[in-house]
Amino acid sequence: GLGANVNMSETTSDGAHYQSTTLSTRDVDVPFYIKKTNTEHWWIEEKRQDIYRVCNPKFNPMRIDFSTNSGDQFYVNANLSAAPLFNQGRANDNSRWVTGLLQFISSDPFIYEAAIRKIDIALWESNLEFPLEVVEEGIEIGYRNPSLIVNVVNEGSESSGMSIRF
């Protein structure tokens with residue numbers, strides 16, 4: 001699981017004073033396999049080289065996108081900690097597949113939603129008409145529609161700010 005560092009300070013009384021908690025880095029292991037559609041040795045080596053080219057630690061950081069069984073999509077930013085590992089033995093390298101493993105370390109332990117959620121909390125109606133006439137009392141460029149009332153719920157595990165755009 002995800003570890004945490006709890007910081008305490010000693011006191012002159014019993015116990016300690018809590019100061020803060022920080023989350024540790026997240027280890028992400030991604031197992032994969034290459035389905036053998038060709039049994040020639042050169043073909044498997046070519047596929048391994050393709051994986052080495054794409055999954056190169058020099059390309060860090062990387063974004064790992066994944067979906068849950070319910071179809072929700074998330075991502076985590078991580079760094080590949082080593083070149084892809086290909087396991088040996090008949091269970092991992094046989095006539096049907098070759099298995100491998102990608103090992104990542106995420107310095108940012110949070111998992112993010114892949115899609116940005118946008119909720120309209122106020123609606124501004126334009127009041128401009130053309131040709132434009134500026135009267136002595138001034139003009140009203142737009143007005144807020146008072147009928148839109150919504151609850152904005154943070155479904156994450158951390159408090160977060162919001163972006164407000166007009």
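For the atom pair CZ of Arg26 and CZ of Phe104, the computed distance is 14.0 Å after rounding to the nearest 0.5 Å. The distance from atom CG of Asn127 to atom CD1 of Ile139, rounded to the nearest 0.5 Å, is 8.5 Å. Rounded to the nearest 0.5 Å, atoms CD (Glu46) and CG (Asn38) are 9.5 Å apart. For the atom pair Thr11 OG1 and His17 NE2, the distance stands at 4.5 Å (nearest 0.5 Å). Of the inter-residue distances, the one linking Asn94 atom CG with Thr39 atom OG1 reads 12.0 Å to the nearest 0.5 angstrom. Taken to the nearest 0.5 Å, the NZ atom of Lys35 stands 10.5 Å off from the CH2 atom of Trp97.
Residues passing the ring-ring contact (aromatic ring centres under 6.0 Å, His included) test with Phe66, sequence neighbours excluded: none.
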Walk me through it: do Asp29 and Leu102 pass the test side chain to side chain contact (heavy atoms under 4.5 Å, CB included)? CA-CA 6 Å; Asp29 290 342; Leu102 300 174; over 6 Å; no
Dump the intermediate steps for side chain to side chain contact (heavy atoms under 4.5 Å, CB included) on Tyr18 and Asn7, then the final yes or no. CA-CA 6 Å; Tyr18 169 78; Asn7 298 309; over 6 Å; no
What do the steps show when you test Phe74 against Phe110 for ring pair (Phe, Tyr, Trp, His ring centres under 6.0 Å), and what is the final call? CA-CA 10 Å; Phe74 300 95; Phe110 295 106; over 10 Å; no
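The 12-atom threshold is exceeded at CD of Gln19, counting heavy atoms of other residues, nucleotides or ligands nearer than 6.0 Å. Counted within 6.0 Å of CZ on Phe59, heavy atoms from surrounding residues, nucleotides or ligands total more than 12; the atom is thus considered enclosed. Within 6.0 Å of the CG atom in Leu128, the count of heavy atoms belonging to other residues, nucleotides or ligands exceeds 12. For Glu45, the CD atom counts as densely surrounded, since its 6.0 Å shell holds more than 12 non-hydrogen atoms of other residues, nucleotides or ligands.
Salt bridge annotation for Arg63-Asp65: present, with a cationic side-chain nitrogen under 4.0 angstrom from a carboxylate oxygen.
Taking both residues in full, the closest heavy atoms of Leu23 and Pro109 are given as CB-CG, 3.7 Å, listed atom of the first, atom of the second, then distance.
Cluster annotation: Ile44 is connected to Trp42 through the hydrophobic network of ILVMFWY side chains, with a link wherever side-chain heavy atoms come within less than 4.5 Å. When hydrophobic clusters are built by joining Ile, Leu, Val, Met, Phe, Trp and Tyr residues whose side-chain heavy atoms come closer than 4.5 Å, directly or via intermediates, Tyr75 is not grouped with Met62.
Between the side chains of Ser106 and Asp108, no donor N or O sits under 3.5 Å from an acceptor N or O.
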